[in-house]
Number of protein chains: 2
Amino acid sequence: MKEHDNLKQHILKHVSFTDDELDEFCQSFKLLKVKKRQFIVQPGFVARHRYYVVQGSFRAYVIGDEGQEHTVQFAVDDWWISDYNSYIFQQPASMFLMALEDSIILQIDYEAEQKLKQGRHVFESYFRILAENTAAYMARRVIINLTKTAEQRYAIFLEGYPDIVGKVPQYALASFLGMTTEYLSKLRKKRVFRKS
Amino acid sequence: MKEHDNLKQHILKHVSFTDDELDEFCQSFKLLKVKKRQFIVQPGFVARHRYYVVQGSFRAYVIGDEGQEHTVQFAVDDWWISDYNSYIFQQPASMFLMALEDSIILQIDYEAEQKLKQGRHVFESYFRILAENTAAYMARRVIINLTKTAEQRYAIFLEGYPDIVGKVPQYALASFLGMTTEYLSKLRKKRVFRKS
DNA sequence: AACCAGTTCAAGAAAAAAGGTTGAACCAGA
DNA sequence: TCTGGTTCAACCTTTTTTCTTGAACTGGTT
C-alpha cells in the first residue's frame, strides 16, 4: 500500500487525520495504472471518479469549434484532477483527460466520496479545502489570462511550476497558456528564459 | 451514403432485406472517421456501440496481470467489432479497441439496435446470425489455441486470413496467436513461410 | 506610417517511440 | 536429451511526434 502513503502525506499537509482516519479514508481509493495516451475521462461519459496522481502526468483538454485543443489543466505527481463539472454534478463530461505518460493513480468514485464526506467532519473538511484550493487557483488563472501578455503568462508559469514545464510537451503548455506552439518556441529562445 | 453500401452488401450476404428495410436499417448507423491509434472502446467505459469497419483495421486487446497485451480480436474491412461483453450487457469494458490505421466505421448504439431488433423479424435474424457467427468463430479459436502448436496456429491463421497478416503489426499478431513476438519473428523466417 | 504582440503557414530538423530481428541462455515436458 | 518454446538484452529501421525557424500577415497602438 505504499502508493497510498503519498496520498496520506498530501492529506496531512492540509488537515489532521488520525491514523485510523487515514486508513478509513484511503480504503475508498483504488490503485490504477494507466498507459500513456489512455483517457480516463472522455466527452459524453460522466466522470465517475476523482483522481489523485501518485506518479505520472495528465492533461485535461477540450476541443474548440475549429478542432483546436485547449489545455484546461495539467496534473503531475501529488496532484488531484478530474473534469469537475462532470464529476461534481454527475453530468456528461466535456473534456478529455489523458495520460501524458505511463502513470499510477488513485481513484475514488462519486458515491464513495459522498459517503466519506457524510461520515466524518474531517473528511468533509479535506474535500472542502481541495475545492477551495481549486477554486482559488482557477480564479488566479482567469485573471492572469485576462491581464497578462503571452510572455508574462509563460514567465509566471515557469516560476510557479518549473517542474511541469520540463515534463509536458510544449504544444500542450502553449495551448494551456493560450498561445501558439510556434510563439512559445520563440519565447523560449529569448535570453530571459535561457537557463544555460 | 456510399459507405453504407458496404454494409448493405454485408447484410445481403446473410439475409434478404428489401430495399426499404436496408435503408431503414442503415439509418441507425452513423459514419465515423477514426485516426490511427485512437481508442473506440476503453476499459472502464461502457461500450455503447457496435462497429462495422468500412475501411481500416482495428485491434481489441486486454492487459494481463503483468501488463502484457493479449490481442483478442482483429477487424478489417467488412468486419464487425466491439467489446461484446461490454456492449451486450452494457457493463464497463475490459478491453481496449484501437484503430491500427486511419479508418472509417459505421457505428450503431445500443438503444438503436434494440429498437431495430424489436421492429422487424428480419433485423432480429441478422443480428442473430452475427452473434452465431461470432460464437462459432470464438469456439474455433479456443479449440485451435488448446490443440495446436504455435507454428500450426500461425499456419492456420496465415491460410485463413492472409490479408490480415500483412496488415497488422507483428507483435499484435503474435499476442493474438499466443506466442512471443520474437518467436513469431523466427517462425516467419522459416522456409515454409517465406513466400519469395 | 511604422511598431508591437502575436498568428498562420510551410518546411525541416531533432528527438522519441514503435516495430522488428537476432542471438544466447534457459526451461519444461516427452 | 530433444523439441518447442520463453526471456532478456541489444540493436537496427522506420515512423511518428514534437519542436524550430523563417517569412508573410493582422489588428490595434502610437
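Every chain is numbered from 1, with letters handed out A, B, ... down the list of sequences.
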_Salt-bridge present (A:Asp77, A:Lys167; N to O < 4.0 Å)_ = yes
*Check the distance between C:dG6's P and A:Lys148's NZ and give it to me in whole angstrom.*
13 Å
_Whole-Å gap separating P (C:dT22) and OH (B:Tyr183)_ = 15 Å
_So, using ring pair (Phe, Tyr, Trp, His ring centres under 6.0 Å) as the criterion, who are the partners of B:Phe74 when residues are at least two apart?_
B:Phe176
*Can you name the residues that form a salt bridge (Lys or Arg N to Asp or Glu O under 4.0 Å) with B:Lys13, not counting sequence neighbours?*
B:Asp78
For residues 143-150 of chain B, run the donor-acceptor check on the side chains, cut-off 3.5 Å, and write out each pair with its distance to 0.1 Å, sequence neighbours left out.
| unit_1 | atom_1 | unit_2 | atom_2 | d |
| --- | --- | --- | --- | --- |
| B:Thr147 | OG1 | B:Ile143 | O | 2.8 |
| B:Thr149 | OG1 | B:Gln152 | N | 3.2 |
| B:Thr149 | OG1 | B:Gln152 | OE1 | 3.3 |

*Nucleotide by nucleotide, 5' to 3', does protein get under 4.0 Å of the base (B), only the sugar-phosphate (S), or neither (-) in nucleotides 25-30 of chain C, counting heavy atoms?*
------
*Could you check how far CG of B:Leu184 sits from P of C:dG19, rounded to whole Å?*
14 Å
*Scan residues 60-72 of chain B against DNA chain D and write down, sorted by residue number, each residue with any heavy atom closer than 4.0 Å; if none is found, say none.*
none
_Of B:Arg37 and B:Thr149, the one whose closest DNA chain D nucleotide lies more 5'_ = B:Thr149
*Does any N or O in the side chain of B:Arg153 come within less than 3.5 Å of the main-chain N or O of B:Gly178, such that one atom is a donor and the other an acceptor?*
yes
*With rounding to the nearest 0.5 Å, note down the distance linking OH in B:Tyr154 to CZ in B:Arg188.*
4.0 Å
_Suppose we screen for ring pair (Phe, Tyr, Trp, His ring centres under 6.0 Å). Which residues come up paired with B:Phe58, at least two apart in sequence or across chains?_
none
*What pairs with B:Glu182 under salt bridge (Lys or Arg N to Asp or Glu O under 4.0 Å), at least two apart in sequence or on another chain?*
none
Side-chain polar contacts of residues 90-105 of chain A - donor-acceptor pairs under 3.5 angstrom, sequence neighbours left out - could you list them?
| unit_1 | atom_1 | unit_2 | atom_2 | d |
| --- | --- | --- | --- | --- |
| A:Gln90 | NE2 | A:Ala47 | O | 3.1 |
| A:Gln90 | NE2 | A:Tyr87 | O | 2.9 |
| A:Gln91 | NE2 | A:Phe89 | O | 3.4 |
| A:Glu101 | OE2 | A:Ser57 | N | 3.4 |
| A:Glu101 | OE2 | A:Ser57 | OG | 2.6 |
| A:Asp102 | OD1 | A:Lys36 | N | 2.8 |
| A:Ser103 | OG | A:Ser57 | N | 3.2 |
| A:Ser103 | OG | A:Glu101 | O | 2.8 |

*asked:* Among residues 167-176 of chain A, which ones have heavy-atom contacts with DNA chain D below 4.0 Å?
replied: A:Pro169, A:Gln170, A:Tyr171
*Quick one: B:Leu100 CG to C:dA18 C1', roughly how many Å, whole number?*
13 Å
*Does a donor on one side chain and an acceptor on the other come within less than 3.5 Å for A:Tyr52 and A:His4?*
no
*Any donor-acceptor pair under 3.5 Å from A:Ser175 side chain to A:Thr71 backbone*: yes
_Closest-nucleotide ordering on DNA chain D, the 5'-leading residue of B:Glu182 and B:Arg153_ = B:Arg153
_Value in whole Å for how far the C1' atom of C:dG6 lies from OH of A:Tyr154_ = 17 Å
*Starting at atom NZ of B:Lys189, determine the distance to atom C1' of C:dG23, rounded to an integer number of angstrom.*
10 Å
*asked:* Using the salt bridge (Lys or Arg N to Asp or Glu O under 4.0 Å) criterion, which residues pair with B:Asp163? Sequence neighbours excluded.
replied: none
*Please determine if a side-chain N or O atom of A:Lys36 lies less than 4.0 Å away from the OP1 or OP2 oxygen of C:dA16.*
no
*Check salt bridge (Lys or Arg N to Asp or Glu O under 4.0 Å) between B:Lys117 and all other residues, then give those that pass, not counting sequence neighbours.*
B:Glu113
_Just the rounded figure in Å: distance from C1' of C:dA5 to CE of A:Met179._
11 Å
*Could you tell me from which nucleotide to which nucleotide of DNA chain D, 5' to 3', there is an atom under 4.0 Å from chain A heavy atoms?*
D:dT17 to D:dA23
*A:Glu132/A:Arg128 salt bridge by N-O under 4.0 Å criterion*: yes
